Number of protein chains: 2
Amino acid sequence: MPPSPEIAPTPPRRRGQETSEHILDAAEACFARKGYAGTTLRNVADVVGIRIPSLYNHFANKEALYAAVLERGMGPVLSVLSASMEDGSGDYPEPNSLIREMMMLLGDRPNLPRLVQYELLAGGHHLAPLLENWLRPAIAQSMKILKSTPAVRRWGPDQMPYLLVTFFNIVVGHFTTASLTESLMGNNPLSAEGLAESSKFYGELFASLIEAED
Amino acid sequence: MPPSPEIAPTPPRRRGQETSEHILDAAEACFARKGYAGTTLRNVADVVGIRIPSLYNHFANKEALYAAVLERGMGPVLSVLSASMEDGSGDYPEPNSLIREMMMLLGDRPNLPRLVQYELLAGGHHLAPLLENWLRPAIAQSMKILKSTPAVRRWGPDQMPYLLVTFFNIVVGHFTTASLTESLMGNNPLSAEGLAESSKFYGELFASLIEAED
DNA sequence: TGAGAGAACTAACTAGCGTTAGTTTCCCTC
DNA sequence: GAGGGAAACTAACGCTAGTTAGTTCTCTCA
């Protein structure tokens with residue numbers, strides 16, 4: 001199949017593009033709620049409002065659909081994190097603002113942390129290639145940043161990775177444990193107020209961890 | 001094909017009680033690795049070394065088996081937490097030692113945090129009845145404890161629940177994100193050294209959060 | 001206007017799921 | 001030894017999974 005030597009003036013079909021997006025939306029919701037194994041193509045097709053075999057006009061199979069959902073979902077988060085890390089104005093990025101930015105971003109896409117958590121439990125094999133090109137440099141960068149901050153005086157260089165893991169677990173965990181939190185605390189941690197309140201707390205928490213001790 | 005009757009001096013025919021335990025062990029490993037939907041009774045039976053229908057001599061169905069796994073697994077953790085909370089020697093429990101105790105306990109049973117995380121993602125409906133009788137009083141108790149500590153001076157009473165959620169997410173997340181952590185950091189966070197190192201870090205982290213500021 | 005491609009459909013297949021029925025085997029007790 | 005029950009087995013069920021084949025509709029463009 002030749003890759004269309006001349007540029008197509010107008011995309012061949014637009015209706016197909018739209019349904020592809022709808023399928024991705026539906027699949028994202030299903031996979032986020034019930035995981036890969038717990039999601040059936042019937043679930044997805046029913047949400048979209050089409051028959052199961054029609055899905056195969058847009059994605060090769062269930063796994064390809066899942067990979068596409070993951071890739072589309074992770075894109076924005078990775079670029080936000082990437083931009084925040086590579087800002088590099090000499091000054092180190094304020095953890096308070098970074099954590100608030102992430103919380104706000106994920107608050108708009110609460111499916112994402114669930115997808116990521118399911119993926120990690122499953123071994124993270126679909127996530128690894130997505131992260132490989134971003135997370136490694138980001139870690140190297142953030143390690144460099146962290147080491148140039150007063151925090152290193154408290155934590156020591158070999159404890160820096162744990163700060164990153166903690167950051168990750170707090171943010172992702174806030175979303176994946178929301179059902180438990182809500183049933184125990186009463187208020188919804190995914191509501192606007194819940195997100196604002198928790199973002200404030202997590203931001204202050206990390207700021208206090210990073211800042212120098214006396 | 002009959003399995004060669006002449007050999008097998010002691011056929012691996014086990015007594016029911018033992019088999020039930022073996023089934024629970026196998027099911028715990030399977031459910032922890034692949035979740036409820038991702039686990040098949042064939043997986044479990046193969047690990048135990050029996051046929052699928054034999055499982056039904058010990059558990060009513062797949063869901064009952066899952067509930068039994070969860071209940072057996074959660075027991076020790078709940079009692080440790082419960083004991084630690086209700087110690088109540090007037091003094092508040094040292095978060096450093098509590099977090100180390102939990103990390104050590106879960107380090108011996110790394111299936112548990114994964115089971116819990118899968119459960120929470122699925123809605124936590126099987127977990128709720130187990131936690132209802134323990135977690136609520138524990139939260140009330142720990143809130144009382146926290147409020148009597150210097151920590152409240154820094155965090156304010158309404159932020160106490162977030163301290164608990166953070167505690168939970170850090171400890172559980174350490175285990176559920178181990179695959180990612182290992183592939184990125186190089187060393188295994190579930191090994192003896194990894195656990196010791198991380199317990200130390202998390203303990204210090206929480207101690208520094210709880211202690212008074214200036 | 002007619003050809004072709006995209007995207008929906010119906011129908012059907014295979015494989016595997018959880019589950020049940022009925023049978024056999026072993027061990028313990030009388 | 002004989003009887004009974006626990007626990008293993010074989011065989012088969014109904015259902016649903018993901019997937020494929022083949023058809024129809026419709027829109028775009030030459």
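All values derive from a computational prediction rather than experimental measurement. Proteins come first, then strands; the chains are lettered A, B, ... in the order of their sequence lines, and each starts at number 1.
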Nucleotide D:dC27, atom C1' - distance to CD of A:E18 in whole Å: 14 Å

Taking all atoms of both residues into account, what is the closest heavy-atom pair of A:C30 and A:T39, and its distance? O-OG1, 3.1 Å

Just checking, any donor-acceptor pair under 3.5 angstrom between side chains of B:N43 and B:T40? yes

Do A:K200 and B:Y162 meet the cation-pi criteria used here (NZ or CZ under 6.0 Å from the six-membered ring centre, within 45° of the axis)? no

Does the ring center of A:F31 lie less than 6.0 Å from the ring center of A:Y118? no

Indicate yes or no: at least one non-hydrogen side-chain atom of B:L70 is less than 4.5 angstrom from one of B:Y66. yes

When you measure from every atom of DNA chain C, which of residues 54-61 of chain A have a heavy atom less than 4.0 Å away? A:S54, A:N57, A:H58

What's the shortest heavy-atom distance between A:L195 and A:G107, and which atoms? CD1-CA, 3.6 Å

Shorter than 3.5 Å, N or O on both sides, protein versus nucleotides 12-17 of chain C: list them out with atom names.
residue	atom	partner	partner atom	Å
C:dC17	OP1	B:T40	OG1	3.4

Rounded off to whole Å, could you give me the CZ-to-P distance for the A:R51 and D:dT24 pair? 17 Å

Straight-line distance of B:L121 CG to B:Q117 CD, nearest 0.5 Å: 5.0 Å

Any chance you could lay out the salt bridge (charged side-chain N to carboxylate O under 4.0 Å, His left out) test for B:R72 and B:D25, step after step, and finish with the verdict? CA-CA 10 Å; B:R72 188 190 68 156; B:D25 292 340; 2.9 Å; yes

Does OP1 or OP2 of C:dA8 have a side-chain N or O of A:T19 closer than 4.0 Å? yes

If I take atom CG in residue A:D46 and atom P in nucleotide D:dT16, what distance separates them, rounded to the nearest angstrom? 13 Å

Within 45 degrees of the ring normal and closer than 6.0 Å to the centroid, is that where the cationic atom of A:K62 sits relative to A:Y36? yes

Between CD of A:Q17 and P of C:dA7 the distance, given in whole Å, is 8 Å

Rounded distance (nearest 0.5 Å) linking atom CE of B:M74 with atom CG of B:L127: 5.0 Å

Would you jot down, in residue-number order, the residues of residues 23-35 of chain A having a non-hydrogen atom under 4.0 Å from DNA chain C? none

Do the side-chain N and O atoms of B:H126 and B:E71 include a donor-acceptor pair separated by under 3.5 angstrom? no

